[in-house]
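The next block holds one structure in the form of structure tokens; read it before the comments.
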Amino acid sequence: MSEYKIITISRQFGSGGHEIGEKLAERLGIPLYDNQLVTMAAEKLGYTEESIGRADESALNAFITSYGKSPISYASFINSASYMPSLDMKVYQKQTEIILSLAEKGPCVIVGRCADYILRDKYDCINVFICAEKADRIKRIAERYDLTEKKAWDRIRKTDRERKFYYETYTGLEWGSIYSHQALLNASLLGIDKIVDLLELVYRT
């Protein structure tokens with residue numbers, strides 16, 4: 001088992017979780033892994049990043065279609081005769097290998113991709129979930145992507161739905177629940193810099 005400390009960050013879309021990860025990694029002088037994991041998985045599997053990015057949504061759409069015909073759990077869906085393991089499962093398995101490998105190389109900050117669950121048996125893993133108030137999330141996404149408030153909220157709901165689906169599919173745990181994460185931190189109440197201060201303190205303790 002590695003002696004390094006790993007910080008994993010799960011987050012609502014528009015909460016500032018990625019910015020927190022960036023600032024924390026810079027302050028601690030350790031690597032940040034986020035979208036890089038998608039790139040690495042794509043390279044390992046020999047697919048384009050675009051096809052990797054569509055994998056999660058394809059699985060979600062397939063499940064929703066099946067659920068609409070007859071309400072079933074996702075576990076029942078993937079065990080049904082009509083389900084064929086596709087790219088999404090391959091991506092998750094490859095990203096799991098990559099995350100475990102990165103964690104063994106040294107301290108780092110990993111954003112998303114179920115890293116908290118994948119590294120759950122590591123005593124040195126600090127995992128947090130970042131949330132924020134609706135108005136703050138809309139403002140952040142609207143400004144970042146030059147969207148109207150309505151379109152920003154639509155994108156937030158869609159992205160959160162995909163993240164929730166991805167996390168709960170592969171972990172069996174509730175995304176954003178205090179029972180699934182060591183700490184839930186509200187960026188609207190605490191502020192991004194204070195959260196970075198807090199996580200730095202926990203890391204260095």
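Owing to the predicted nature of the structure, the values given are computational and were not obtained by experimental measurement. Computed from heavy atoms alone, side chains included, the values below leave out hydrogens, waters and symmetry copies.
Put simply, CG on Leu173 and CZ on Arg120 are 8.5 Å apart, with the number rounded to the nearest 0.5 Å. Distance OG1/Thr96 to OH/Tyr117: 9.5 Å, rounded to 0.5 Å. Rounded to the nearest 0.5 angstrom, Ile192 CD1 and His18 NE2 are separated by 12.0 Å. A distance of 9.5 Å separates CG of Asp121 from CG of Leu100, quoted to the nearest 0.5 Å. We find the CD-SG distance between Gln182 and Cys125 to be 6.5 Å, quoted to the nearest 0.5 Å.
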Practice prompt. Starting from the C-alpha separation in whole Å, work towards a yes-or-no answer on side-chain contact (heavy atoms from CB on, under 4.5 Å) for Tyr92 and Ile118.
Written response: CA-CA 10 Å; Tyr92 176 75; Ile118 292 169; 3.8 Å; yes
Practice prompt. Applying salt bridge (charged side-chain N to carboxylate O under 4.0 Å, His left out), run through Lys23 and Glu26 and close with a yes or a no.
Written response: CA-CA 5 Å; Lys23 288 188 173 184; Glu26 182 178 359; over 6 Å; no
Worksheet item: Can you check side-chain contact (heavy atoms from CB on, under 4.5 Å) on Ile130 and Gln12, steps first, answer last?
Response: CA-CA 6 Å; Ile130 306 298; Gln12 291 180 323; over 6 Å; no
Discussion item. Between Val202 and Ile7, is the side-chain contact (heavy atoms from CB on, under 4.5 Å) condition met? List the steps.
Written reply: CA-CA 10 Å; Val202 173; Ile7 299 175; over 6 Å; no
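In this structure a side-chain-to-backbone donor-acceptor pair under 3.5 Å is missing from Ser15 to Ala132. Between the side chain of Asn127 and the main chain of Thr8, no donor-acceptor pair closer than 3.5 Å is present. Between the side chain of Glu162 and the backbone N or O of Arg157 there is no donor-acceptor pair closer than 3.5 Å. At least one donor-acceptor pair closer than 3.5 Å links the side chain of Asp160 to the backbone N or O of Phe13.
For His181 and Tyr167, the ring centers are positioned less than 6.0 Å apart.
For the residue pair Asn186 and Ser188, the shortest heavy atom distance occurs at OD1-N, 2.8 Å. Closest approach of Ala103 and Leu119 over heavy atoms only: CB-CD2, 3.8 Å. Scanning both residues, Ala152 and Ile138, for their nearest heavy atoms gives CB-O, 3.8 Å. When all heavy atoms of Ile6 and Pro107 are compared, the closest pair comes out as CD1-CA, 4.0 Å. Residues Asp116 and Ser180 approach most closely at OD2-O, 3.8 Å, considering heavy atoms.
Residues Ile30 and Tyr203 are in side-chain contact: their nearest non-hydrogen atoms beyond the backbone lie under 4.5 Å apart. No side-chain heavy atom of Leu185 sits under 4.5 Å from any side-chain heavy atom of Phe129. Looking only at side-chain heavy atoms (C-beta outward), Arg11 and Val111 come within less than 4.5 Å of each other. In this structure the side chain of Ile9 never reaches within 4.5 angstrom of the side chain of Ile110, judged on heavy atoms.
Residues that satisfy the salt bridge (charged side-chain N to carboxylate O under 4.0 Å, His left out) test with Glu168, not counting sequence neighbours, are Lys164. The salt bridge (charged side-chain N to carboxylate O under 4.0 Å, His left out) search around Arg163 returns none, not counting sequence neighbours.
Between Asp154 and the choices Lys150, Lys158, Lys151, the side chain to side chain donor-acceptor pair (under 3.5 Å) rule is met once, by Lys150. Each of Glu149, Glu133, Glu19 was compared with Arg140 under the salt bridge (Lys or Arg N to Asp or Glu O under 4.0 Å) criterion, and only Glu19 meets it.
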Give every donor-acceptor pair under 3.5 Å between a side-chain atom in residues 194-201 and any protein atom, sequence neighbours left out.
{"residue": "Asp197", "atom": "OD1", "partner": "Arg27", "partner atom": "NH1", "Å": "2.5"}
{"residue": "Asp197", "atom": "OD1", "partner": "Arg27", "partner atom": "NH2", "Å": "3.4"}
{"residue": "Glu200", "atom": "OE1", "partner": "Arg27", "partner atom": "NH1", "Å": "2.9"}
{"residue": "Glu200", "atom": "OE2", "partner": "Arg204", "partner atom": "NE", "Å": "3.0"}
{"residue": "Glu200", "atom": "OE2", "partner": "Arg204", "partner atom": "NH2", "Å": "3.4"}

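Linking Ile, Leu, Val, Met, Phe, Trp and Tyr whenever their side-chain heavy atoms come within less than 4.5 Å puts Tyr166 and Tyr33 in one cluster. No chain of hydrophobic side-chain contacts below 4.5 Å, direct or via other Ile, Leu, Val, Met, Phe, Trp or Tyr residues, connects Leu184 to Ile156.
Geometrically, Arg155 engages Tyr145 in a cation-pi contact defined by less than 6.0 Å to the ring centre and at most 45° from the axis.
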